[in-house]
Number of protein chains: 2
Amino acid sequence: MASHDHPSLTVDVAILTATGGGLHALLVRRDEDPGRGRYALPGGSVGRDESLDLAAERVLAAKAGLEGVFLEQLYTFGAPDRVPRARVVTVAHYALVDEERLAGAGLLAAAGPGSGGSGDASDPAILARLRVPWLDEEGGAVGAEAPDGAAVALALDHAEILGTAVKRLRGKLDYAPIGFQLLPERFTLRRLQEVHETILGRRLNKDSFRRRMLASAQIAPTGKREEETPHRPAELYRFTRHSAV
Amino acid sequence: MASHDHPSLTVDVAILTATGGGLHALLVRRDEDPGRGRYALPGGSVGRDESLDLAAERVLAAKAGLEGVFLEQLYTFGAPDRVPRARVVTVAHYALVDEERLAGAGLLAAAGPGSGGSGDASDPAILARLRVPWLDEEGGAVGAEAPDGAAVALALDHAEILGTAVKRLRGKLDYAPIGFQLLPERFTLRRLQEVHETILGRRLNKDSFRRRMLASAQIAPTGKREEETPHRPAELYRFTRHSAV
DNA sequence: GAAATAGTGTCTTTAAGACAGTATGTG
DNA sequence: CACATACTGTCTTAAAGACACTATTTC
């Protein structure tokens with residue numbers, strides 16, 4: 001078993017945000033085979049002396065101009081036929097970004113010529129809405145559609161990777177402080193509930209949600225309020241880093 | 001970036017069982033570097049045209065003589081320094097086996113000379129009790145001790161892998177039909193509760209546990225009962241494969 | 001019948017859901 | 001003042017915990 005028999009090892013990052021009532025992912029159009037013309041998750045090879053997380057961080061910075069965001073390993077995809085005519089195993093990650101940050105940094109850095117970081121930021125990037133065809137614990141591939149509503153063809157097994165990311169997100173939402181990652185530093189309880197509903201794909205009870213969040217000690221009121229609302233302004237909360245014991 | 005720069009890719013399998021009130025893992029003693037003399041998870045290289053799951057199944061069969069057991073990908077470990085003088089990324093899996101099956105198949109196949117499957121079943125194997133130093137969602141490395149109570153030195157990052165497996169097990173217990181994997185086909189409610197308590201590392205309320213399990217429709221009475229008990233025999237239940245909707 | 005554990009019935013406690021009613025902003 | 005949404009208080013409902021009590025086996 002000579003060393004050139006080793007599979008290639010890459011990382012792919014599902015960069016997710018919640019906006020307009022739906023989950024969205026940042027996708028880049030591939031200009032090379034395999035998967036030319038299709039949209040794909042940002043990805044790259046794992047460097048010789050680079051940890052997996054670091055490789056994912058590098059991809060995140062280079063292709064979306066994002067740093068310091070929530071990033072976690074998701075699952076490793078290694079079916080022998082997942083890439084035609086090559087053996088490529090990918091360690092998929094997922095990142096969570098609030099919509100303002102992604103609209104500003106991500107799309108500009110990825111789409112603009114040389115505006116971002118280190119290199120291949122030339123691919124056109126889109127923020128695709130995810131169509132999740134299942135509830136709860138089912139899982140499976142998800143669809144994607146461009147801002148104009150057209151279906152987006154995903155490269156390789158990336159629809160499956162996105163489905164796995166959504167499933168993970170849903171599963172962790174109840175016991176990990178994860179919803180806050182999709183919101184700016186200060187947010188109202190309503191916005192937090194909307195994010196949870198977007199992730200879960202179903203409506204939640206307002207009273208119960210409110211009580212749970214306030215009792216969890218994961219959030220604290222800032223004393224400030226919304227401004228310029230056409231109605232009574234809501235209290236703004238912030239996420240507290242206490243592990244909620 | 002020549003192809004010989006690719007990291008080596010392996011799978012390691014945490015084979016877990018619940019017995020004697022504690023979680024146990026099957027470990028084999030390494031007779032080669034790296035980690036010679038220490039105990040390690042059974043593992044092996046990923047074949048050229050082999051999926052990750054298939055590689056894990058192969059390891060499970062070859063090193064523990066186990067087939068058809070619960071097996072799931074856990075996490076991929078790829079720190080550049082996790083193996084001295086080599087770059088080896090491992091896709092860790094975990095398997096769940098009931099104690100009878102592991103005592104019979106696993107230890108004999110792994111320890112006996114050529115009694116098992118395809119090859120390297122020569123390493124002495126032990127069933128090590130895991131000492132989990134944390135509760136709930138904390139995570140981290142776990143300790144291991146041999147049947148005689150002596151601490152077992154684990155190779156590489158395998159204490160971390162085992163910790164990740166225990167954490168996953170605890171996390172999935174409440175919403176996935178996973179406790180049954182650690183029991184034989186027919187079991188009493190008491191045994192099922194003991195397994196849950198062993199996994200979680202804490203006592204559970206008997207009445208509530210009973211009600212939850214019976215209401216979940218995940219188990220069904222077989223009509224048969226325990227035999228040769230020094231007290232009233234309990235109903236034997238079996239796991240129903242319904243997804244419990 | 002004593003001992004041990006299985007299993008049932010019911011009360012209390014806690015969290016979720018429902019909903020009425022009050023508070024506070026804009027136009 | 002109309003309207004919209006924020007927030008509060010309370011009733012109902014469902015699940016968990018506690019515990020008394022009955023059932024069935026071995027010795």
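Just so it is clear: chains get the letters A, B, ... in the order the sequence lines come, proteins before strands, and each one is counted from 1.
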Expected list for residues 173-189 of chain A: side-chain donor-acceptor pairs under 3.5 angstrom, two or more places apart:
{"from": "A/T188", "atom 1": "OG1", "to": "A/R191", "atom 2": "N", "distance (Å)": "3.1"}

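- Across all strands shown, B/E235 has heavy atoms under 4.0 Å from sugar-phosphate atoms exclusively, and none from any base.
- Taking atom CG of residue B/L204 and atom P of nucleotide D/dA15, one finds them 18 Å apart after rounding to whole Å.
- Running 5' to 3' along DNA chain C, contacts with non-hydrogen atoms of chain B at under 4.0 Å begin and end at C/dA4 to C/dT10.
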Between B/D207 and B/F209, does the side-chain contact (heavy atoms from CB on, under 4.5 Å) criterion hold? Intermediate values first, please. CA-CA 5 Å; B/D207 307 87; B/F209 183 81; over 6 Å; no
Let me have a per-nucleotide readout for nucleotides 18-27 of chain D, 5' to 3', with B, S or -, counting only protein heavy atoms under 4.0 Å. BB---BBBS-
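- The side-chain contact (heavy atoms from CB on, under 4.5 Å) check on A/A144 picks up A/L27, A/A128, A/L130, A/V152, A/L154, with sequence neighbours excluded.
- Sorted by first then second residue, the side chain to side chain donor-acceptor pair (under 3.5 Å) pairs that include residues 11-26 of chain A, not counting sequence neighbours, are A/D12-A/T90, A/T19-A/E99.
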Distances under 3.5 Å between protein N/O atoms and the N/O atoms of nucleotides 12-14 of chain D, please, pair by pair.
none

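- A/F70 and A/Y94 have their aromatic ring centers within a separation under 6.0 angstrom.
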Between B/L41 and B/V13, is a side-chain contact (heavy atoms from CB on, under 4.5 Å) present by the stated rule, with each step listed? CA-CA 6 Å; B/L41 302 178; B/V13 185; over 6 Å; no
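- Rounded to whole angstrom, the span from the CZ atom of A/R191 across to the P atom of D/dT5 amounts to 15 Å.
- The closest side-chain heavy-atom distance from A/L169 to A/L96 is below 4.5 Å.
- Here the CD atom belonging to B/Q218 is positioned 10.0 Å from the CZ atom belonging to B/R212, to the nearest 0.5 angstrom.
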